[in-house]
Amino acid sequence: MDKEQFKSIVHPVMKANSFRRKGNSWYKTTAECIVVFNLQHSLYGKMFYINLAALLRKGDDLLFPKEYQCDIRMRFPIMEIEGYSTQMILDLESTIDEQLRSRLIESIIDISIPILQKLESIDGIIELYGEKPELNNIYPFSSILYRKEMNNKLKAI
């Protein structure tokens with residue numbers, strides 16, 4: 001499997017969930033956030049990483065922010081799916097049968113969708129912080145709460 005075949009597996013699922021593609025990333029803009037699903041190619045071999053991210057909207061937002069420009073960022077976690085580690089699944093040089101790899105990649109995307117849905121709103125991000133406290137090391141929870149308070153004040157005007 002090559003990079004283009006990999007993207008051709010990702011694209012229909014992301015499109016069905018209202019994401020638009022630009023390069024190796026898919027974007028969804030909501031009232032509060034720009035959500036990013038990003039395929040990052042490793043410097044070594046045909047290994048890929050999946051990054052999930054959100055940029056909190058402030059009014060003068062980039063239309064297509066890079067994953068590293070986002071406020072909330074996480075890498076898809078290492079886990080086992082049908083007996084295969086996500087690292088092995090995302091290493092396109094590993095010895096997994098291509099039809100099986102396609103199905104496993106679809107499973108990874110299916111697992112990502114609920115996380116991406118939480119990244120669509122500040123309330124969802126707050127819920128995600130409760131489930132993944134390690135996010136507090138990246139973007140402090142207090143900043144999320146402040147952003148929510150500011151959004152509520154703007155809505156009241």
Side-chain angles (χ1 to χ4, degrees), residues 1-30 32-57 61-141 143-144 147:
M1 177 177 291
D2 64 22
K3 180 170 80 170
E4 293 307 314
Q5 290 170 314
F6 186 14
K7 288 194 260 187
S8 74
I9 295 167
V10 174
H11 185 68
V13 179
M14 299 310 292
K15 186 175 181 180
N17 284 280
S18 303
F19 281 78
R20 296 178 298 162
R21 179 178 167 200
K22 182 167 168 115
N24 289 338
S25 296
W26 285 259
Y27 298 88
K28 184 174 186 178
T29 301
T30 68
E32 297 179 324
C33 300
I34 299 173
V35 183
V36 181
F37 178 95
N38 168 256
L39 298 179
Q40 179 184 348
H41 189 266
S42 170
L43 296 175
Y44 309 101
K46 290 186 173 182
M47 177 73 183
F48 280 85
Y49 303 99
I50 293 178
N51 300 310
L52 311 175
L55 178 74
L56 300 177
R57 296 194 61 197
D61 310 304
L62 300 166
L63 289 176
F64 300 103
K66 302 286 186 192
E67 177 268 340
Y68 64 83
Q69 295 172 311
C70 292
D71 301 304
I72 315 298
R73 302 167 47 203
M74 68 186 77
R75 181 157 284 168
F76 188 86
I78 296 170
M79 63 173 57
E80 195 170 287
I81 301 172
E82 296 184 32
Y84 295 91
S85 74
T86 51
Q87 289 173 312
M88 188 173 185
I89 297 165
L90 297 173
D91 180 352
L92 304 185
E93 293 179 323
S94 67
T95 58
I96 300 175
D97 173 76
E98 295 305 310
Q99 285 185 325
L100 174 60
R101 184 188 313 278
S102 295
R103 194 175 79 242
L104 295 170
I105 290 170
E106 288 173 358
S107 294
I108 290 172
I109 298 165
D110 290 343
I111 294 166
S112 299
I113 294 297
I115 298 169
L116 293 167
Q117 288 170 336
K118 288 181 181 172
L119 292 173
E120 293 178 11
S121 70
I122 292 174
D123 286 337
I125 292 169
I126 291 169
E127 185 179 329
L128 193 58
Y129 268 66
E131 297 168 7
K132 300 183 178 303
E134 66 274 13
L135 290 177
N136 199 44
N137 298 330
I138 299 168
Y139 194 80
F141 186 64
S143 297
I144 299 289
R147 194 80 187 123

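Scope of the values below: all heavy atoms of this structure, side chains included, with no hydrogens, waters or symmetry mates.
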Heavy atoms, side chains only, cut-off 4.5 Å: are [X] and [Y] in contact?
{"X": "F64", "Y": "S25", "result": "no"}
{"X": "L52", "Y": "V36", "result": "no"}
{"X": "I111", "Y": "I81", "result": "yes"}
{"X": "R57", "Y": "T29", "result": "yes"}
{"X": "L63", "Y": "Y27", "result": "no"}
{"X": "Q69", "Y": "L55", "result": "no"}
{"X": "V10", "Y": "R21", "result": "no"}
{"X": "Q87", "Y": "M47", "result": "yes"}

- Task: For K28, check salt bridge (Lys or Arg N to Asp or Glu O under 4.0 Å) against everything at least two apart and list the hits.
- Result: E120
Hey, is the main chain of [Y] close enough, under 3.5 Å, to the side chain of [X] for a donor-acceptor pair?
{"X": "R75", "Y": "P77", "result": "no"}
{"X": "E98", "Y": "M1", "result": "yes"}
{"X": "N38", "Y": "E67", "result": "no"}
{"X": "E32", "Y": "I122", "result": "yes"}

So how far is it from [X] [atom1] to [Y] [atom2], rounded to the nearest 0.5 Å?
{"X": "N51", "Y": "K66", "atom1": "CG", "atom2": "NZ", "answer": "12.5 Å"}
{"X": "I105", "Y": "T86", "atom1": "CD1", "atom2": "OG1", "answer": "11.5 Å"}
{"X": "S107", "Y": "M79", "atom1": "OG", "atom2": "CE", "answer": "10.5 Å"}
{"X": "I72", "Y": "C33", "atom1": "CD1", "atom2": "SG", "answer": "8.0 Å"}
{"X": "S121", "Y": "L56", "atom1": "OG", "atom2": "CG", "answer": "10.5 Å"}
{"X": "S18", "Y": "Q117", "atom1": "OG", "atom2": "CD", "answer": "10.0 Å"}

For [X] versus [Y], what's the shortest heavy-atom pair and its separation?
{"X": "G45", "Y": "E93", "result": "CA-OE1, 3.8 Å"}
{"X": "I9", "Y": "S102", "result": "CD1-OG, 3.3 Å"}
{"X": "I50", "Y": "I108", "result": "CD1-CG2, 3.5 Å"}
{"X": "V13", "Y": "N17", "result": "O-ND2, 2.8 Å"}
{"X": "C70", "Y": "A54", "result": "CB-O, 3.3 Å"}
{"X": "H11", "Y": "W26", "result": "ND1-NE1, 3.0 Å"}

- Message: Between F48 and F6 (judged by ring centroids, cut-off 6.0 Å), do the two rings come close enough to count as a pair?
- Response: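 So the answer is yes for these two rings.
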- Query: Would one find more than 12 heavy atoms of other residues, nucleotides or ligands at under 6.0 Å from atom CD of Q99?
  - Reply: no
- For K46, which residues count as a side-chain hydrogen bond (donor to acceptor under 3.5 Å, both in side chains) partner, sequence neighbours excluded?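 So K46 forms no side-chain hydrogen bond (donor to acceptor under 3.5 Å, both in side chains) with any residue.
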- Query: Is a side-chain donor-acceptor pair under 3.5 Å present for R101 with S94?
  - Reply: yes
- Message: Under 4.0 Å between a side-chain nitrogen and a carboxylate oxygen: does that hold for E4 and K7?
- Response: yes
